Amino acid sequence: MPDYQAILDEIRDEVQPLLVQGHVADYIPRLACVPREKFGMAVVTLDGQLYQTGDAAEAFSIQSISKVYTLTLALQSIGDKLWQRVGREPSGNAFNSLVQLELENGLPRNPFINAGALVVADVVLATRKDPRAQLLAAIRGCSGNPDIRDDPEVALSEKANGFRNAALANFIRSFGNLEHAIDDILDFYFFQCSLAMSCVDLARGFLFLANQGRCPWSGTNILSTDQAKRINALMLTCGTYDAAGDFAYQVGIPGKSGVGGGIVGVIPNQLAVAVWSPALNAKGNSLAGSAALERFTAKTGLSIF
Ligand code: GLN
């Protein structure tokens, strides 16, 4: 077995020069306040071993990583019917792009671009009694941390500046692919994006995807084997947006990023790994975080290929 602790510490040292590169997201003003020097990384193996380095225990804004959890809720509720309303192809466009929607009649390319996540949010609102509470319960359950919560300041900061997401939602609605009031969908979406989790929470919280959909410590079936396989496939092809091809090439595992600087990766039957570094590359993925994951799979010799 690789010496995960030594590898994580080595990576933390090696990526230090990268922490000055890239840009911390500022289109959500609250995120711009996060110091770019932060770096954390955590690995949890299927047998429950935890390894961590740097700021791995500090909570940060998970942003689009939350889309994996809302997709999980939507698949639990309506299964494959979801694919009548959202596609499964990489977009090759920015996560918040509007152009493709016009050409494709309001059917978002995949559930991880913002347009797709808004449709998934609409499904969650339609199928869950108290969607916020159920999302929180699901995330707390998966990660084993009952203290995980949203950050209303981040949500408000995004709402006050969320003109592009409002445009996307209105546009999708014009094609009839959203049922709920635009404000309700956006409020839920900003809520899910504002959830704060640490690398340790995220590595634990994604372990069910490395374990055929079953939470390894509670034994709870969160998704079927088949559904977990498919979420991993979507993370590989769409989880890092228009950098997904490069991420698959460089890192070689399914991964999901967020503009808070987090990225979570899954190595089926082995482990989940989470990294956080706030400054982003041009595609909106953590710059040092991507490099750290590339080093992780190179040093451990683990990938899905
Ligand atoms: N809340 C962010 C947005 O909608 C999420 C984007 C992301 O993390 N890639 O722009």
Side-chain angles (χ1 to χ4, degrees), residues 22-34 59-71 86 90-101 108-122 124 132 135 139 150-172 178 182-197 199 202 206 234-235 237-244 246-247 255-265 274-287 289-290:
H23 299 280
V24 179
D26 58 5
Y27 75 99
I28 302 172
R30 194 69 191 78
L31 294 183
C33 313
V34 181
F60 60 90
S61 191
I62 66 168
Q63 294 296 317
S64 283
I65 298 172
S66 64
K67 293 170 182 172
V68 176
Y69 289 112
T70 49
L71 175 61
V86 57
S91 68
N93 280 312
F95 62 84
N96 55 7
S97 169
L98 277 142
V99 288
Q100 221 157 29
L101 270 179
R109 271 283 174 107
N110 68 65
F112 293 149
I113 52 173
N114 288 12
L118 292 166
V119 172
V120 171
D122 191 47
V124 174
R132 291 183 184 211
L135 177 62
I139 292 180
D150 60 307
D151 182 337
E153 274 187 43
V154 171
L156 273 178
S157 174
E158 180 161 20
K159 187 180 165 94
N161 296 277
F163 306 111
R164 186 169 270 269
N165 284 319
L168 282 168
N170 279 289
F171 203 34
I172 301 169
L178 288 179
I182 299 295
D183 277 345
D184 293 347
I185 296 167
L186 288 173
D187 282 347
F188 179 68
Y189 175 75
F190 297 144
F191 167 83
Q192 71 175 76
C193 289
S194 82
L195 292 168
M197 294 171 74
C199 290
L202 283 167
F206 269 60
L234 285 166
M235 287 203 292
T237 53
C238 312
T240 46
Y241 313 113
D242 46 338
D246 208 40
F247 189 85
K256 185 73 206 82
S257 63
V259 294
I263 312 178
V264 193
V275 63
W276 173 46
S277 167
L280 309 177
N281 62 23
K283 303 283 168 102
N285 299 312
S286 172
L287 189 147
S290 304

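Whatever order the structure lists ligands and atoms in, that order sets their numbers, starting from 1. Values below: all heavy atoms of this structure, side chains included; hydrogens, waters and symmetry mates excluded. This structure is a prediction, so every number in the text was calculated from the model and none was measured.
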Nearest-contact summary for atom 10 (O) of ligand 1 - protein heavy atom, Å:
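For this ligand atom, the closest protein heavy atom is Tyr27 OH, 2.5 Å.
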Problem - Top protein contact for atom 5 (C) of ligand 1, by heavy-atom distance - result: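 Answer for atom 5 (C) of ligand 1: Ser64 OG, 3.2 Å.
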_Please find the pair of heavy atoms, one from Arg132 and one from Asp187, that lie closest to each other, and give the distance._
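Closest pair (atom of Arg132, atom of Asp187, distance): NH2-O, 3.5 Å.
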Review point. Do you know which two heavy atoms are closest between Phe112 and Tyr241, and how far apart they sit?
Key: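 The pair with the smallest heavy-atom distance is O-CE2, 3.1 Å.
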(Q) Apply side chain to side chain contact (heavy atoms under 4.5 Å, CB included) to residues Lys67 and Leu234 and explain how you reach the verdict. (A) CA-CA 11 Å; Lys67 293 170 182 172; Leu234 285 166; over 6 Å; no
- Query: With a 4.0 Å heavy-atom cut-off (strictly under), which part of Phe190 contacts ligand 1: side chain, backbone, both or neither?
  - Reply: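 None of Phe190 does.
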Check your understanding: In Å and rounded to the nearest 0.5 Å, what is the CG to OG distance from Leu168 to Ser97?
Key ->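 One gets 8.0 Å once the value is rounded to the nearest 0.5 Å.
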query: About how many Å separate NZ of Lys159 and CG of Leu186, when rounded to the nearest 0.5 Å?
result: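 Leu186 atom CG to Lys159 atom NZ measures 7.5 Å (nearest 0.5 Å).
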Considering only heavy atoms of [X], which atoms of ligand 1 have at least one such atom less than 4.0 Å away?
X	result
Gly258	8 (O)
Asn165	3 (C), 4 (O), 10 (O)
Gln63	1 (N), 2 (C), 5 (C), 8 (O)
Cys193	1 (N)
Tyr189	1 (N), 2 (C), 3 (C), 4 (O), 5 (C)
Glu158	1 (N), 2 (C), 3 (C), 4 (O), 10 (O)

Point to revise | From CA spacing to verdict: side chain to side chain contact (heavy atoms under 4.5 Å, CB included), Thr70, Tyr189 | key: CA-CA 9 Å; Thr70 49; Tyr189 175 75; over 6 Å; no
Is [X] in polar range of ligand 1, meaning some N or O pair under 3.5 Å apart?
X	answer
Val259	yes
Ser257	no
Tyr241	yes

### Task
Compare all side-chain heavy atoms of Leu156 with those of Arg30 and state whether any distance is below 4.5 angstrom.
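No - every pair of side-chain heavy atoms lies 4.5 Å or more apart.
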**OP:** Using a 4.5 Å cut-off on heavy atoms from C-beta on, say whether the side chain of Lys256 contacts that of Ser64.
**Re:**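 Sidechains of Lys256 and Ser64: in contact.
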